[in-house]
Amino acid sequence: MIYIYDGTWDGFLTAVHHYYYDRQSVTNIESALSYRPNLIDDYKNIIVDTSRAKSVEKAILDKISFDSLDNIMRCFFSETEGREMWIIRYIKIGFKIGSKIDCMLGDPAVLDVLQPARKVKFECHRMLGLLRFELLESNIYYAKIQPDHNIITFISSHFKERFADQNWVIHDTKRSLAALYNTKRMLISYMNLTNIPNLHADELKFQSLWKNYFKHIAIKSRFNPKLQKQFLPKRYWKHLTEKT
Amino acid sequence: MNLFDKLGVLADAAKYDVSCSSSGGTRNNKNGVGNSHTAGICHTWSDDGRCVSLLKILLSNECIYDCVYCVNRVSNDVTRASFTADEVIELTMNFYRRNYIEGLFLSSAVLKNPSYTMELMLDIVRRLRNEHGFYGYIHLKGIPGADEKLINEAGMFVDRMSINIELPSDKGLEVLAPQKPKKALLRPMQQINNKIIASKEEHKTFKSSKLFVPAGQSTQLIIGATPDRDLSILKLSEALYDNFNLKRVYYSAYVPTLTDSRLPALIKPPLLREHRLYQADWLLRFYGFSADELLSKANPDFSPELDPKADWALRNLHLFPIEINSIDYEMLLRVPGIGIQSAKRIIASRRVGRLNFDNLKKIGVVLKRSGHFITCQGKTYETYSKNESVVKESLVSSKLLPQSKKAVVGQMSLFSTSNDYDIGRNTSNLYLFDQPSNTKQWLSYYDQPQDGRLLLSDIHL
């Protein structure tokens, strides 16, 4: 039996709930976004049920730990293929031994969840620095991102606090996800943003000032493009003002 | 001159200051824009691979001093420019709102006199905080010799303050920075430290009191412009950490921008030496090492092939191997191939079970390096050897081996001052210097006592 869920965190947790209570032998849990139906597989569509999802979340918190819930969530949003069953395996161990699992840092089953979670954490931190806003005509700061992992929910709160007096949009164009903030409230949702306004009259001036600064701050006799690429992989350059 | 060109000139003038971090701040956004991120955030990396976190600029490069090593010295023929306060504020606010930067790093050449310069800088940071509701990170350079009151006031607005010692010995300062008042370097550092301690105390009783320089102070030492040995530089750093509670000492490989008979004729900045000093600096601050353990009078410079920790371990082979499952944290940190993160993970994992080599690998321990120094449940690693030369071979960075396939041309340049890659035979290559033959003055430095605390003796602590 294969469980198909809608690709969301709540959908996945609902599937975990079914996994525990349906008592069927489940071989895989897959997102509808990536699953290709075929004639051989026996599958069941899981319908999101927030109360079931919440109860799973609570069980992880109570029986394992806050750190584990955080790692599981980050692993889930890494969108790494196969993560659903890794998380199931992790939860099974966790329910048996509790918060001790947070110390089992050399255990392969634990690392299956921990390693994607670490990657997500790393990309989140990186994106806090690499995200670039452009000022648009309507006084909205707009940023386009295409991160490896689905990190928008993790990074938005940072910008909400920092740029509390700005209208801003963070747009994950890879996933058609956006975080909108209007100086009072923030909204994160799947949406197709079209009709993005033109750049503000001042925008290009500051972009060129920044590019000029970036050019001058490097010391020629220490030139080291390999080191630069190590910190700043090329896939991020597309949305970096100073690199375009 | 327009803003675009000015920014180019004053970024050029500021780039030899290597301080980059934006960490340690605790400022929250109170109805304005910006806040501090405790760990700091790097926003980009320039073409030399150094991170860009703050908008690092000079307010002005019109200097009255004539320090021999400095590009902005009065007798050097470079384009001169000065920002107005409004220009600095406009750049900072607009760069910050676009998430280009974590904040402002404002430094300046000495315009007219130290206090005048400090006053201009104070005005900018005061206006950023009070008029523009800016809560981002500000790192302000203290101008040596400026009025104490100005430095005290500026400290209430900024997150970090630094005064650069630049030349790591008394003698170096005397010859290369003849006009800089030497005592004026250390006195304000001590003054800042005292204010930080006092304001923390006050903050304990009055929670609403503002903190003075909450992210602490730092300084910079130039490496390779004077013949000071690594030992005296590291000793100086250690003394600065101990006496002034500095957050960071930065090391800046001297970039030959000028020619002068009092300066060494370097072909390239001594980057590997700078790297070794940073490694040692980390060992002082986070690994519990002292300068005397790493270097000695008989051995005053770091090895180009081995990092300081590996070098120490090799000299202390009699302390090893240690048992991973029982040894304490302090000793774990001293094993080559185990860093802070691995050591912490080992300690955590040990609480729930005994570790084997497979677990260690998964944790992130580099067994190629650490294999000679540890046992797991009494067993030694497959490559274990007591033979010093075998151990040494495994510790030498593969990037530095001339024949290595991994060797990359760009990295080679790290340690060679010429096109000579043969470090095995002639390691002194790394550190020096084709001394100009006619400069007795330069060579005579070697006769000076090589003890970093010399400089600190100026102040009675």
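Throughout, protein chains are lettered first and strands after them, A, B, ... in sequence-line order, and every chain is numbered starting at 1.
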Check: [X]/[Y] side-chain N/O donor and acceptor closer than 3.5 Å:
| X | Y | result |
| --- | --- | --- |
| A:Y90 | A:S68 | yes |
| A:S65 | A:D67 | no |
| A:Q115 | A:R118 | no |

Considering only heavy atoms, which portion of [X] lies under 4.5 Å from any heavy atom of chain B: side chain, backbone, both, or neither?
| X | value |
| --- | --- |
| A:Y141 | side chain |
| A:F159 | side chain |
| A:K205 | side chain |
| A:S208 | both |
| A:L209 | both |
| A:K215 | neither |
| A:E242 | side chain |
| A:Q207 | both |

Heavy-atom pairs under 4.5 Å with chain A - which of [options] has more of them than the others?
| options | result |
| --- | --- |
| B:C42, B:G32, B:G353 | B:G32 |
| B:N359, B:N356, B:N99 | B:N99 |
| B:L360, B:N94, B:I363 | B:N94 |
| B:I346, B:I41, B:T44, B:V255 | B:T44 |
| B:S349, B:A11, B:S53 | B:S349 |

Derivation of the ring-ring contact (aromatic ring centres under 6.0 Å, His included) call for A:F163 and A:Y181: CA-CA 9 Å; A:F163 301 116; A:Y181 176 76; 9.7 Å; no

Is any side-chain N of the basic residue among A:R89 and A:D112 closer than 4.0 Å to the acidic one's carboxylate O?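 So A:R89 pairs with A:D112 through a salt bridge.
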
So that I can tick it off, tell me whether B:R97 and A:D165 are bridged by a salt bridge, with the cut-off set at under 4.0 angstrom between side-chain N and carboxylate O.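 Here A:D165 pairs with B:R97 in a salt bridge, since their nearest N and O are under 4.0 Å apart.
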
With a 4.5 Å cut-off on heavy-atom pairs, point out which of [options] contacts chain B the most.
| options | value |
| --- | --- |
| A:R162, A:K243, A:K100 | A:R162 |
| A:F223, A:Y236, A:F206, A:F133 | A:F206 |
| A:I97, A:L128, A:I219 | A:I219 |
| A:L131, A:L114, A:L130 | A:L131 |

Could you tell me which portion of [X] (side chain, backbone, both or neither) has an atom closer than 4.5 angstrom to a non-hydrogen atom of chain A?
| X | result |
| --- | --- |
| B:N29 | side chain |
| B:Y96 | both |
| B:R345 | both |
| B:K56 | both |
| B:F95 | side chain |
| B:V52 | side chain |
| B:L3 | both |

What's the verdict on ring-ring contact (aromatic ring centres under 6.0 Å, His included) for B:Y251 and B:Y278, showing C-alpha distance, side-chain angles and the deciding distance? CA-CA 7 Å; B:Y251 306 93; B:Y278 273 118; 5.2 Å; yes

Assign the ring pair [X] / [Y] to parallel, tilted or perpendicular, where the plane angle (0 to 90°) is split at 30° and 60°.
| X | Y | answer |
| --- | --- | --- |
| A:H158 | B:H37 | perpendicular |
| A:W9 | A:F76 | tilted |
| A:Y213 | A:W210 | parallel |

Show the numbers, then the answer: is there a side-chain contact (heavy atoms from CB on, under 4.5 Å) between A:R235 and A:D148? CA-CA 9 Å; A:R235 61 182 185 280; A:D148 299 343; 2.9 Å; yes

Would you say the ring centroid of A:W168 lies under 6.0 angstrom from that of A:Y142?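 Between A:W168 and A:Y142, the centre distance exceeds or equals 6.0 Å.
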
Quick check on the 6.0 Å ring-centre criterion: do A:F95 and A:Y20 meet it?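 That pair passes the under 6.0 Å test.
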
Let me see the working for B:S107 and B:L59 under side-chain contact (heavy atoms from CB on, under 4.5 Å), right down to the final yes or no. CA-CA 6 Å; B:S107 179; B:L59 175 59; over 6 Å; no

